[in-house]
Protein chains: 2
Amino acid sequence: MARTTKAKEARDVRASLALLWGEQDRPTRGPKPSLTPHRIAESAVALADAEGLEAVSMNKVAGTFGVSAMALYRYVPGKAELVELMIEAVLAERPDLSAAGDGWRPRLTEWARRSWGVYQAHPWLLAATAMRRQAMGPHQLDWLDAALAALEPTGLTAAQRHQVFLLVVGLIRNLAQQLLDFDEEQDQEWNRLTGELLDRHADRFPALTRAVAAGAFGPAAEDPLTFGLDRILDGVQTLIDREGPGAG
Amino acid sequence: MARTTKAKEARDVRASLALLWGEQDRPTRGPKPSLTPHRIAESAVALADAEGLEAVSMNKVAGTFGVSAMALYRYVPGKAELVELMIEAVLAERPDLSAAGDGWRPRLTEWARRSWGVYQAHPWLLAATAMRRQAMGPHQLDWLDAALAALEPTGLTAAQRHQVFLLVVGLIRNLAQQLLDFDEEQDQEWNRLTGELLDRHADRFPALTRAVAAGAFGPAAEDPLTFGLDRILDGVQTLIDREGPGAG
DNA sequence: AGCTCACTGCTGATGGCATAAACAGTTTAG
DNA sequence: CTAAACTGTTTATGCCATCAGCAGTGAGCT
């Protein structure tokens with residue numbers, strides 16, 4: 001059973017990559033296809049933007065073209081691959097960091113801001129990329145390459161640069177998660193109910209009670225992206241300062 | 001429709017909280033209940049530990065008790081609430097940070113290590129807590145309180161301490177995500193296939209090509225938790241140093 | 001002792017999902 | 001002009017959460 005699954009997945013990776021990198025042989029015989037993987041992905045993106053990723057079912061996507069769900073399977077091996085195409089579609093243009101200045105820090109900051117912009121425009125991207133990715137398309141690699149290029153002047157080892165990249169991606173994904181969680185009305189309800197509970201159990205949660213009283217959970221004074229990025233990059237700078245003299 | 005959903009959710013929050021905080025009136029009449037919410041949650045946790053969160057269906061959980069799926073609805077309002085109980089079950093004991101030493105940094109580090117331990121023991125926790133949380137149980141608040149307590153000696157504002165807390169939680173959740181993504185066999189397959197692609201497109205991804213050549217994607221030399229935590233907390237230390245003189 | 005009714009657990013149905021299988025219609029290469 | 005290749009369809013399978021309604025149970029009251 002595990003064996004069958006593994007084998008099927010291996011086949012899927014190849015199919016996925018061919019699809020993502022546009023290395024498909026388009027057939028000549030038979031009726032003209034009315035769709036393309038690209039158009040399907042675009043429509044799915046529009047649907048996800050409007051109603052969330054959970055609204056993206058094969059049926060609904062097919063419905064936007066007036067065809068049956070099964071018609072999509074002529075263009076896309078399955079839903080997982082469709083989601084991968086959606087990710088690629090949304091990362092379409094490679095981020096240009098040259099306007100940000102010359103240092104590694106302004107460039108990586110710019111990369112983070114652009115990345116954050118994509119997550120804000122397409123909140124479903126978080127859930128989409130959380131599904132176990134087996135294949136990366138060219139646009140995903142574009143973004144990865146841009147971030148790694150920004151980190152080259154740090155003088156850190158390749159492994160360290162990769163780790164830093166993961167930290168920054170992680171920060172952005174966490175903010176995206178917080179963005180998803182946030183709902184004005186629900187937030188007030190949460191504060192009200194949790195406030196009641198804290199009143200009744202102040203002795204059990206002393207630090208939390210003090211934090212709430214001090215307004216720690218009110219509207220954030222500082223932009224969370226700026227705050228998080230400043231902390232992480234300050235930490236990276238400390239690492240550079242520490243390694244630099246010893247290594248050079 | 002949105003209105004109905006909202007109203008239903010509001011009712012659910014109250015029900016959830018009552019369940020999570022054990023503020024249920026247990027009835028006297030009728031047949032003795034054969035189950036409890038707690039036992040159901042424990043069984044669901046065991047199932048999720050063994051087969052993942054997606055294997056936790058009402059049917060399967062009920063099956064472990066030899067009852068029908070609908071029987072569970074006598075104890076738990078729905079699946080969302082069951083998942084919340086699972087989270088509470090897994091955060092059962094409040095983290096004791098006193099052994100870690102006296103500074104904010106060793107304490108927060110200890111908190112992070114314990115938190116990471118929970119995510120390692122229960123990889124499904126990531127997905128479970130990613131679902132929009134509407135209510136927090138006492139154990140979740142215990143953990144929050146412990147982290148905020150550790151941060152009090154920093155001298156940062158309450159809002160800043162909250163932000164730092166979110167950064168640390170985020171780090172751990174990202175590592176948990178990376179743990180989920182990782183699969184030895186699949187990783188090798190990925191490296192092989194992506195390597196092929198990079199050979200063919202080295203000019204498009206120069207920094208990535210160099211990074212791969214330098215072994216950035218090989219087995220990590222340093223523990224990612226230590227690396228990430230050191231970076232973030234170094235950054236926090238920088239903030240403390242910067243604010244301290246001006247504020248004091 | 002017996003009645004009532006809250007409470008338990010059950011069966012069966014609904015509507016959603018991805019996708020497998022088999023089939024009918026269309027176009028082009030030989 | 002035929003056969004192969006290709007497109008889109010209908011139908012069906014097996015999951016899933018959850019609603020509605022039914023039968024049995026047993027504590028508390030009369």
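Per chain, numbering begins at 1; letters A, B, ... match sequence-line order.
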Contacting residues from residues 54-63 of chain B, given that a heavy atom lies under 4.0 angstrom of DNA chain D: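 Within this stretch, B:Val56, B:Ser57, B:Met58 sit under 4.0 Å of the strand.
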Between [atom2] of [N] and [atom1] of [X], the distance in whole Å:
| X | N | atom1 | atom2 | value |
| --- | --- | --- | --- | --- |
| A:Leu82 | C:dT19 | CG | P | 10 Å |
| B:Leu53 | D:dC16 | CG | P | 13 Å |
| B:Leu72 | D:dA17 | CG | C1' | 12 Å |
| B:Lys79 | D:dT18 | NZ | P | 8 Å |

Pairs touching residues 62-73 of chain A that satisfy side chain to side chain donor-acceptor pair (under 3.5 Å), sequence neighbours left out: A:Ser43-A:Thr64
Side chain to side chain donor-acceptor pair (under 3.5 Å) contacts in which one or both residues fall within residues 45-62 of chain B, not counting sequence neighbours: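 Residue pairs with at least one partner in residues 45-62 of chain B: B:Asp49-B:His122, B:Asp49-B:Trp124.
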Counterpart residues, side chain to side chain donor-acceptor pair (under 3.5 Å), relative to A:Arg94 (two or more places apart): A:Asp142, A:Asp145
From CG (B:Leu171) to CG (B:Leu166), nearest 0.5 Å: 12.5 Å
Contact list for residues 111-126 of chain B, test salt bridge (charged side-chain N to carboxylate O under 4.0 Å, His left out), sequence neighbours left out: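 As it turns out, the salt bridge (charged side-chain N to carboxylate O under 4.0 Å, His left out) pairs with a partner in residues 111-126 of chain B, which skip direct neighbours, are B:Glu110-B:Arg114.
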Sequence-aligned protein contact record of nucleotides 3-11 of chain D, with B where the base is within under 4.0 Å of a protein heavy atom and S where only the sugar-phosphate is: -BBBBBBB-
ring-ring contact (aromatic ring centres under 6.0 Å, His included) partners for [X], two or more places apart:
| X | value |
| --- | --- |
| B:His201 | A:Trp21 |
| B:Phe217 | A:His162 |
| A:Phe165 | A:Trp111 |

